[in-house]
Amino acid sequence: MAIKNIIFDLGGVIYDICYQNIPEAFQRYGVKNFEILYSKAAQTDVFNLYEEGLVSTEQFREYLHSLSPIPLSDQQIDIAWNSIMIDIPENRIKLLESIKNRYQLFLFSNTNQLNYEYYTQYVKEKFGYDIFNTLFVKAYFSHILQLRKPKPEAFQAIIDEQRLNPSETLFLDDSLQHIEGAKKCGLQTYHVQDGEEIGDILQSLNL
């Protein structure tokens, strides 16, 4: 069946990120083994709850403060936490602009308030407009939806709200566990590998 809708992940698919930047930043603050608490593959409950909007930014900062053996300012914590965000190459935005009239485009990101505030401002300054409200029919952010990938109910909430036919909907994500969650809802999927460009992926799928 022909693809009519495409749901993109943000980090690692559209937006270049580096998970390792966060544990390295907190290691400089004296926090040991941070990567055990937080990584691409898994993370502890506090991080999950923050991504679901069930823990406030103030509570989240307090948690990170508690991990460090030295006093940290909120600014230091925010800088370390946002160090995961690298950049969106302009060619990816041009690609989305070129296909938005051929497909219904959506975004679904596991994210949190601190990162969200950082990158929404960053892209407005870089591209001169709000790409999230312009390029996508709707952009879904886990901390606003209060559901995160890979929970099937998170995908189902989007399918139901947008009245999507899962067999006509492609989901692209760089995390295998998210791909598996999407498959449970009948979505077509593509697991994005490191270094793959979405333009090349869509071309290989004849989209």
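Values in this document were obtained by computation on a predicted structure and should not be read as measured data. We're numbering straight along the sequence, starting at 1.
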E180 and H178: side-chain donor and acceptor closer than 3.5 Å?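 Side chains of E180 and H178: no pair found under 3.5 Å.
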Q146 atom CD: more than 12 heavy-atom contacts under 6.0 Å: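 Yes, CD of Q146 has more than 12 neighbouring heavy atoms, counting only those of other groups under 6.0 Å.
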[X] to [Y] - nearest heavy-atom pair and separation:
X    : Y    : result
T134 : K100 : O-CE, 3.1 Å
I3   : Y103 : O-CE2, 3.3 Å
A182 : T189 : CB-CG2, 3.9 Å

Parallel, tilted or perpendicular: which fits the ring planes of [X] and [Y], with parallel below 30° and perpendicular above 60°?
X    : Y    : answer
F132 : F136 : parallel
Y119 : Y116 : perpendicular
W81  : Y50  : tilted

Taking only Lys NZ, Arg NE, NH1 and NH2, and the carboxylate oxygens of Asp or Glu, determine whether E90 and K94 approach each other closer than 4.0 Å.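 So E90 pairs with K94 through a salt bridge.
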Between E197 and R92, does at least one N-O distance fall below 4.0 Å, as a salt bridge requires?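 Result for this pair is yes, salt bridge flagged.
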Rounded to the nearest 0.5 Å, how far does CG of L205 lie from CG of L170?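 Reported value, rounded in 0.5 Å steps: 6.5 Å.
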Euclidean distance, E51 CD relative to N110 CG, rounded to 0.5 Å: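 Rounded to the nearest 0.5 Å, the CG-CD separation comes to 5.0 Å.
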Proximity of F108 and F171 rings by center, below 6.0 Å: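 Centroid separation for F108 and F171: 6.0 Å or greater.
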Carefully, step by step, assess E117 and Q121 under the rule side chain to side chain donor-acceptor pair (under 3.5 Å). CA-CA 6 Å; E117 290 174 1; Q121 182 63 32; over 6 Å; no
Which one of K149, K151, R148 satisfies the salt bridge (Lys or Arg N to Asp or Glu O under 4.0 Å) criterion with E52?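 For E52, the salt bridge (Lys or Arg N to Asp or Glu O under 4.0 Å) check succeeds only for K151.
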